[in-house]
Amino acid sequence: MSTLDSLSLTAIPAEDEALRAPVREFLARAMQDVPAHVRARSWSGYDPAFSRELARRGWVGLTLPKEYGGGGRSAYARFVLVEELLNFGAPVGAHWIADRQSAPLILKYGTEAQKRFHIPPVCRGESFFCIGMSEPNAGSDLAGVKTRATRNDAGWLLNGQKIWTTNAHHCHFMIALVRTSGSTEDRHKGLSQVIVDLKLPGVTIRPIEDLTGESHFCEVFFDNVQLAPDALIGEEGRGWEQVTSELAFERSGPERLYSSIVLFDEWLAFVRTQAGRTPESARLAGRVMAQLAPLRAMSIAVTSKLARGESPLVEAALVKDIGTGVEQFIPAAIADDLYRRGSHEVPLELLHTLNYVTQVAPTYSLRGGTRDILRGVIARGLGLR
Ligand SMILES: Cc1cc2nc3c(=O)[nH]c(=O)nc-3n(C[C@H](O)[C@H](O)[C@H](O)COP(=O)(O)OP(=O)(O)OC[C@H]3O[C@@H](n4cnc5c(N)ncnc54)[C@H](O)[C@@H]3O)c2cc1C
């Protein structure tokens with residue numbers, strides 16, 4: 001039970017909760033004319049100008065130290081900010097990964113020069129990062145990565161391929177997990193992380209079109225890409241430990257329970273009208289809220305571990321596994337609810353939003369580690385593996 005003991009009910013401190021009002025006021029204005037089916041993209045929505053506007057207000061790099069241009073605020077403040085951004089469906093995809101995990105990783109493992117070079121532009125909303133973990137034959141089995149960085153006189157020579165890299169075609173840098181010694185049989189040994197400038201010669205980025213017709217992730221090829229010596233982040237051979245710590249940042253946020261929230265709100269607005277209200281829909285609304293409320297409390301409890309500087313790997317896996325289940329339940333249950341009605345009664349924008357969310361919902365339990373892999377992490381936390 002130690003995994004559950006560590007998730008004690010926690011209140012967001014008043015000084016951090018106070019951030020909610022100004023963020024909400026800004027978003028109510030900024031998002032007022034954006035239709036729900038566009039807002040439903042949320043942290044997949046890409047809008048660099050919006051990211052820069054948030055940064056101008058100090059809302060990018062909120063938890064990063066002030067000396068590197070960050071806000072110096074706590075993990076609770078970031079929880080409040082992120083929760084509001086997601087609830088409004090703000091297009092935060094441009095800076096999301098840099099803010100959530102790349103800059104914190106550089107802060108934790110980078111040299112002073114790397115911190116001074118990379119973190120301030122992230123906080124200004126000018127430098128975007130992507131995650132170079134998955135490869136064609138190394139997704140769940142991440143230790144099987146084959147992309148290799150070989151040391152040479154000029155630094156590191158990079159060869160190989162990454163896949164499913166979110167926003168690679170829009171990003172400036174990738175933090176890639178690569179093999180720097182040994183072979184795939186050595187598993188976790190011999191892996192390292194390198195920062196790759198995506199403008200370097202030998203980098204080819206090919207967007208992949210998904211079911212919605214959009215291209216949000218990419219294949220990235222490295223053909224004799226010459227990296228400088230300081231491309232290595234952290235220690236050579238410690239990549240597995242670093243990537244595990246990065247995944248705790250990736251999985252711990254409220255984005256793992258709010259991916260369908262814009263759809264849920266749009267449907268609730270319909271259910272609140274006389275035409276939309278049925279006994280079944282009221283019961284469904286209660287059922288969803290009854291699942292979201294404890295999940296939110298668990299997510300705040302995970303945040304309290306981040307605030308204490310701990311790495312909530314198992315707890316984050318637990319919240320992500322249950323959270324993505326609810327995120328996927330919402331579009332399926334709303335589709336069933338609307339199916340029972342005459343189609344002329346249902347607002348077109350609600351159907352449009354449902355259509356989009358239904359198409360992307362299967363990805364919720366794949367991105368950031370599949371359901372099976374998270375359950376393996378939880379089993380290990382329970383001492384069962
Ligand atoms: C929208 C989206 C965005 C993404 N963005 C990124 C990104 O930015 N950067 C990045 O590096 N990757 C990204 N990914 C890739 C994602 O991390 C992988 O898809 C995921 O880790 C699964 O790997 P895979 O696709 O190779 O599937 P596989 O690993 O081949 O898994 C296939 C199935 O087998 C199951 N399985 C595999 N191994 C086991 C096991 N040991 N026990 C039980 N079941 C198992 C899996 O759970 C899954 O159901 C993204 C994926 C999506 C969908």
Side-chain angles (χ1 to χ4, degrees), residues 40-46 92-102 105 128-147 160-179 184 187-188 191 193-196 198 203 205-222 239-240 242-244 246-251 253 255-256 259-260 316-317 320-321 323-325 327-328 331 356-380 384-385:
R41 278 154 182 76
S42 187
W43 59 287
S44 294
Y46 176 84
V92 288
H95 70 275
W96 201 245
I97 287 166
D99 176 271
R100 178 181 70 191
Q101 63 196 82
S102 314
L105 181 94
F128 306 143
F129 278 69
C130 57
I131 307 165
M133 295 188 196
S134 306
E135 297 184 3
N137 292 307
S140 301
D141 184 21
L142 192 56
V145 296
K146 290 201 176 83
T147 296
Q161 183 198 344
K162 295 291 172 183
I163 195 168
W164 314 126
T165 319
T166 296
N167 279 338
H169 50 332
H170 297 310
C171 283
H172 305 95
F173 296 97
M174 169 194 283
I175 296 188
L177 181 69
V178 298
R179 190 155 281 288
T184 46
R187 310 295 298 161
H188 303 169
L191 295 175
Q193 286 187 299
V194 287
I195 306 178
V196 184
L198 294 171
V203 177
I205 301 175
R206 224 188 269 160
I208 303 170
E209 195 173 297
D210 68 16
L211 194 63
T212 66
E214 294 176 4
S215 297
H216 114 279
F217 46 27
C218 305
E219 290 178 289
V220 184
F221 300 87
F222 307 113
W240 187 257
Q242 293 177 199
V243 101
T244 305
E246 183 184 345
L247 281 168
F249 285 119
E250 180 172 351
R251 293 173 180 158
E255 65 259 52
R256 305 303 179 176
S259 301
S260 299
K320 181 177 182 292
D321 182 28
T324 51
E327 288 180 334
Q328 290 173 336
Y356 175 79
V357 175
T358 301
Q359 286 183 320
V360 296
T363 69
Y364 298 165
S365 53
L366 294 173
R367 60 187 186 186
T370 70
R371 184 160 282 145
D372 304 297
I373 294 310
L374 297 175
R375 290 183 184 171
V377 172
I378 296 163
R380 199 170 297 117
L384 298 174
R385 290 181 75 201

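Both ligands and their constituent atoms are indexed starting at 1 by order of listing. Residue numbers start at 1 and run along the sequence shown.
Protein heavy atoms are found inside the 4.0 Å sphere centred on atom 15 (C) of ligand 1. There is a protein heavy atom closer than 4.0 angstrom to atom 21 (O) of ligand 1. Less than 4.0 angstrom separates atom 10 (C) of ligand 1 from at least one non-hydrogen atom of the protein.
The atoms of ligand 1 that sit less than 4.0 Å from any heavy atom of T165 are 7 (C), 8 (O). Taking every heavy atom of M133 and a limit of under 4.0 angstrom, the matching atoms of ligand 1 come to 11 (O).
A distance-only check finds no donor-acceptor pair linking the side chain of R256 to the backbone of A317 [under 3.5 Å]. Side-chain N or O atoms of H169 include one that pairs as donor or acceptor with a backbone N or O of S215 at under 3.5 Å. Listed for the K162 side chain is no donor-acceptor partner under 3.5 Å among the backbone atoms of F222.
For ligand 1, one of its N or O atoms has an N or O atom of I131 under 3.5 Å away. The distance criterion of under 3.5 Å between nitrogen or oxygen atoms is not met by D141 with respect to ligand 1.
Considering only non-hydrogen protein atoms, atom 26 (O) of ligand 1 sits nearest to G139 CA, 3.3 Å. Counting only heavy atoms of the protein, atom 41 (N) of ligand 1 lies nearest to I373 CD1, 4.3 Å. The shortest contact between atom 25 (O) of ligand 1 and any protein heavy atom is with W164 NE1, 3.9 Å. With hydrogens left out, the protein atom closest to atom 52 (C) of ligand 1 is R367 CB, 3.7 Å, a heavy atom.
The closest approach between H216 and ligand 1 falls below 4.0 Å for a heavy atom of the residue.
When side chains are defined from C-beta on, Q161 does not count as touching E135, because their heavy atoms never get closer than 4.5 Å. Between C218 and R206 there is no side-chain heavy-atom pair separated by less than 4.5 Å.
Between H172 and F128, the angle of the ring planes lies from 30° to 60°, which puts this pair in the tilted group.
With hydrogens and angles left out, the side-chain atoms of R41 and T212 include no donor and acceptor closer than 3.5 Å.
The residue among S365, S134, A168, G376 with a heavy atom at the shortest distance from atom 17 (O) of ligand 1 is S134. Of the candidates T166, D372, L142, T363, it is D372 that places a heavy atom closest to atom 47 (O) of ligand 1. Considering C130, S140, A138 only, the shortest heavy-atom separation from atom 36 (N) of ligand 1 involves S140.
With rounding to the nearest 0.5 angstrom, the OG atom of S134 is 10.5 Å from the CZ atom of F217.
Listed by chain and number, the residues in a side-chain contact (heavy atoms from CB on, under 4.5 Å) with T244 are W240, L313 (sequence neighbours excluded). Every residue two or more places apart in sequence or in another chain that forms a side-chain contact (heavy atoms from CB on, under 4.5 Å) with R380 is listed here: R385.
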